[in-house]
Amino acid sequence: MYDLFIAPLAETYFQKALIGGSIVAVVAGVVGCLVVLKRMAFLGDALSHAMIAGVAGGYLVMKLLFGAEAHAPGMLLGSLIAAIATVALISFVSRISRVKEDTAIGIMYTGIFALGVVAVSIFRHYIHIDLMHFIMGDVLGVADSDLWVSAFVAAFVLTLLILFFRHFQLATFDPVMAASIGLPVLLIDYVLTTCVSLVVVSAVSMVGVILVVGLLITPAATAYLLSDRLDRMMWLAALFGVTSVVGGLYLCVWLDSAGGGAIMLFCTLQFLVVLAVAPKYGLLARWRRMRNLVPQQVIEDILTTILRHGKTTPMEVIRQYVESGGKGIKKALLRMIQDGLITSTAGGYDLTADGEKEANKVLRAHRLWEAYLDTIGTPEEQLHPTAHHLEHISDTNTVDYLDEKLGHLDHDPHGQPIP
């Protein structure tokens with residue numbers, strides 16, 4: 001147990017990876033909640049790929065103008081400029097053309113990424129970038145400068161989100177209302193995009209393109225399965241991000257694998273587990289809901305059967321007139337008792353006042369449909385079965401339309417009163 005869990009913590013590289021990865025995971029998870037809710041997941045991927053052009057530009061400017069190798073601040077500034085340029089081009093193309101925003105993102109980020117790759121290959125004597133390191137990252141080789149940059153960016157972005165939380169919340173869920181009360185929705189969107197850019201730029205050099213996109217989206221999506229409140233979702237996303245980093249780093253040490261890949265693998269497995277067992281939105285919960293689902297048609301058929309019977313109705317009578325399996329009828333009866341539509345007695349089932357009201361609505365729809373079908377020449381032997389299928393279309397507008405079209409009849413074609 002000591003070698004598995006305690007010994008790695010004594011290593012400096014592991015400590016730096018744990019601190020740096022956790023900082024990135026917390027801020028990426030929190031910002032990622034807004035990204036997921038606003039359906040901007042593709043934007044994070046675009047910014048992270050477009051950064052290579054900014055890094056290449058930073059190298060060139062530092063080398064050609066100042067005769068020095070690029071360092072972290074220069075690369076950070078170049079990457080931020082590339083990210084802002086990408087967002088501006090995406091916005092410009094989507095606003096002035098028929099091309100939608102998601103298509104514009106795909107066009108612009110691949111174009112700018114390609115520009116960066118071409119620049120790196122052309123100026124390879126000046127630019128020294130390991131593209132594999134850029135894409136996959138090296139979380140086990142975090143430098144002190146990377147830690148300071150990520151800590152500063154995380155503090156700035158989290159402070160901004162805390163101070164203007166209500167503004168971001170309202171602009172995310174109801175931008176129309178936010179605009180109507182005077183909030184600058186467009187400015188808030190640009191601020192959010194800038195925050196995403198800062199997070200991506202500060203983290204890519206440490207954890208790589210793939211991992212920063214994963215930490216931006218997956219923990220937030222995992223939290224989304226467990227919470228309907230934004231503040232709680234952000235806390236959970238930060239927690240899932242940190243657990244992904246911790247679990248992934250231990251996994252990479254135990255398996256002797258790449259750090260970024262192990263973290264993303266653990267993060268994805270974490271999402272799949274929550275997807276399966278989430279109490280409200282998980283697969284097991286959905287399966288239970290589907291299993292307990294009772295068709296509305298069966299409920300309405302039971303109601304009209306008891307109403308027509310006119311007294312306590314035994315199970316045998318219900319089974320005779322309701323087309324459903326035995327388990328389906330029992331499930332429907334239990335649900336109707338819970339909903340207060342019927343009561344159970346030793347001799348069978350009786351309608352409550354609410355149940356009688358609902359049964360009369362269905363019966364009224366049935367007899368109006370019979371009357372309408374009769375007026376259009378439907379054979380008499382087909383009136384009842386056809387109306388039995390149509391009676392479940394019993395919304396108020398349809399039934400009122402039939403009643404008005406038929407001149408407010410009192411009886412159906414069989415002489416039965418229309419409720």
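Nothing here was measured: the structure is a model prediction, and the numbers come from that model.
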Are side-chain heavy atoms of Asp301 and Gln297 found at a separation under 4.5 Å? yes
Residues Glu356, Asn360; criterion side chain to side chain contact (heavy atoms under 4.5 Å, CB included); working and verdict: CA-CA 6 Å; Glu356 186 173 355; Asn360 276 313; 3.7 Å; yes
Verify, without hydrogens or angle tests, whether Ser150 (side chain) and Val24 (backbone) share a donor-acceptor contact under 3.5 angstrom. no
Find out whether Thr222 and Leu236 are in side-chain contact, i.e. whether some heavy atom of one side chain is under 4.5 Å from a heavy atom of the other. no
State, yes or no, whether a side-chain contact exists between Lys331 and Val298 at a heavy-atom distance under 4.5 Å. no
Quick check: closest heavy atoms across Leu147 and Lys16, and the distance to 0.1 Å? CD2-O, 3.8 Å
Give a yes or no on this: more than 12 heavy atoms of other residues, nucleotides or ligands lie within 6.0 Å of atom CD of Glu381. yes
Under 4.5 Å between any side-chain heavy atoms of Tyr372 and Thr378, yes or no? no
Give, for atom CG of Leu249 and atom CD1 of Ile263, the distance between the pair rounded to the nearest 0.5 Å. 4.0 Å
Taking only residues two or more places apart in sequence, or in another chain, which ones meet Arg229 in a side chain to side chain donor-acceptor pair (under 3.5 Å)? Asp231
Is any side-chain heavy atom of Thr172 closer than 4.5 Å to one of Leu230? no
Enter the distance from Ile299:CD1 to Leu341:CG here, rounded to the nearest 0.5 Å. 7.0 Å
Would you say Asp174's side chain and Leu170's backbone share a donor-acceptor pair under 3.5 angstrom? no
Interatomic distance, Tyr349 atom OH to Thr312 atom OG1 [nearest 0.5 angstrom]: 11.5 Å
Grab the two heavy atoms, one from Glu404 and one from His408, that are nearest each other, plus how far apart they are. CA-CE1, 4.1 Å
When Leu192 is tested against each of Leu160, Leu34, Leu187 for side chain to side chain contact (heavy atoms under 4.5 Å, CB included), which residue passes? Leu34
Identify the two heavy atoms, one from Ala223 and one from Met233, that lie closest to each other, and give their separation to 0.1 Å. CB-O, 3.3 Å
Expected list for residues 265-281: side-chain donor-acceptor pairs under 3.5 angstrom, two or more places apart:
residue, atom, partner, partner atom, Å
Thr268, OG1, Met264, O, 2.8
Gln270, OE1, Thr243, OG1, 2.7
Gln270, NE2, Phe240, O, 3.1
Gln270, NE2, Ser244, OG, 2.9
Lys280, NZ, Asp228, OD2, 3.1
Tyr281, OH, Asp228, OD1, 2.8
Tyr281, OH, Asp228, OD2, 3.2

Val93 vs Ile107, test: side chain to side chain contact (heavy atoms under 4.5 Å, CB included). Steps then yes/no. CA-CA 10 Å; Val93 171; Ile107 295 169; 5.6 Å; no
Tell me, with the steps shown, if Phe165 and Met234 meet side chain to side chain contact (heavy atoms under 4.5 Å, CB included). CA-CA 11 Å; Phe165 175 76; Met234 286 179 168; 3.8 Å; yes
Are the side chains of Leu89 and Ile112 in contact, using a 4.5 Å heavy-atom criterion? yes
I need the Ile302 CD1 to Leu307 CG distance, nearest 0.5 Å. 13.5 Å
Looking only at heavy atoms, which two atoms of Ala371 and Leu406 are closest? And how far apart? CB-CD1, 3.7 Å
So, for Ala237 and Gly29, which heavy atoms are closest and what is the spacing to 0.1 Å? CB-O, 3.4 Å
Just checking Phe156: does its CZ atom have more than 12 heavy atoms from other residues, nucleotides or ligands closer to it than 6.0 angstrom? no
Partner set under side chain to side chain contact (heavy atoms under 4.5 Å, CB included) for Pro314, not counting sequence neighbours: His309, Glu316, Val317
Distance, nearest 0.5 Å, that separates CD of Glu370 from OG1 of Thr375: 12.0 Å
Just wondering, more than 12 heavy atoms not from Arg308 lying within 6.0 Å of its CZ? yes
May I ask you to check whether over 12 heavy atoms, not counting those of Gln416, lie within 6.0 Å of atom CD? yes
Taking all atoms of both residues into account, what is the closest heavy-atom pair of Leu351 and Ala359, and its distance? CD1-CB, 4.1 Å
Neighbour count >12 (heavy atoms, 6.0 Å) for atom CZ, Phe14: yes
Begin with the C-alpha distance, continue with both residues' side-chain angles, and end with the deciding distance and a verdict on side chain to side chain contact (heavy atoms under 4.5 Å, CB included) for Val242 and Val26. CA-CA 7 Å; Val242 172; Val26 169; 3.5 Å; yes
Counting C-beta onward and ignoring hydrogens, is there a side-chain heavy-atom pair between Leu333 and Met315 closer than 4.5 Å? yes
Report yes or no: does Ser22 contribute a side-chain atom to a donor-acceptor pair with the main-chain N or O of Ile19 at less than 3.5 Å? no
Within the distance-only criterion (no hydrogens, no angle test), does the side chain of Thr218 pair as donor or acceptor with the backbone N or O of Gly214 below 3.5 angstrom? yes
Taken to the nearest 0.5 Å, the spacing of Thr386 OG1 from Asp374 CG works out to 12.0 Å
Is the shortest heavy-atom distance from the side chain of Ile329 to the side chain of Ile318 under 4.5 Å? yes
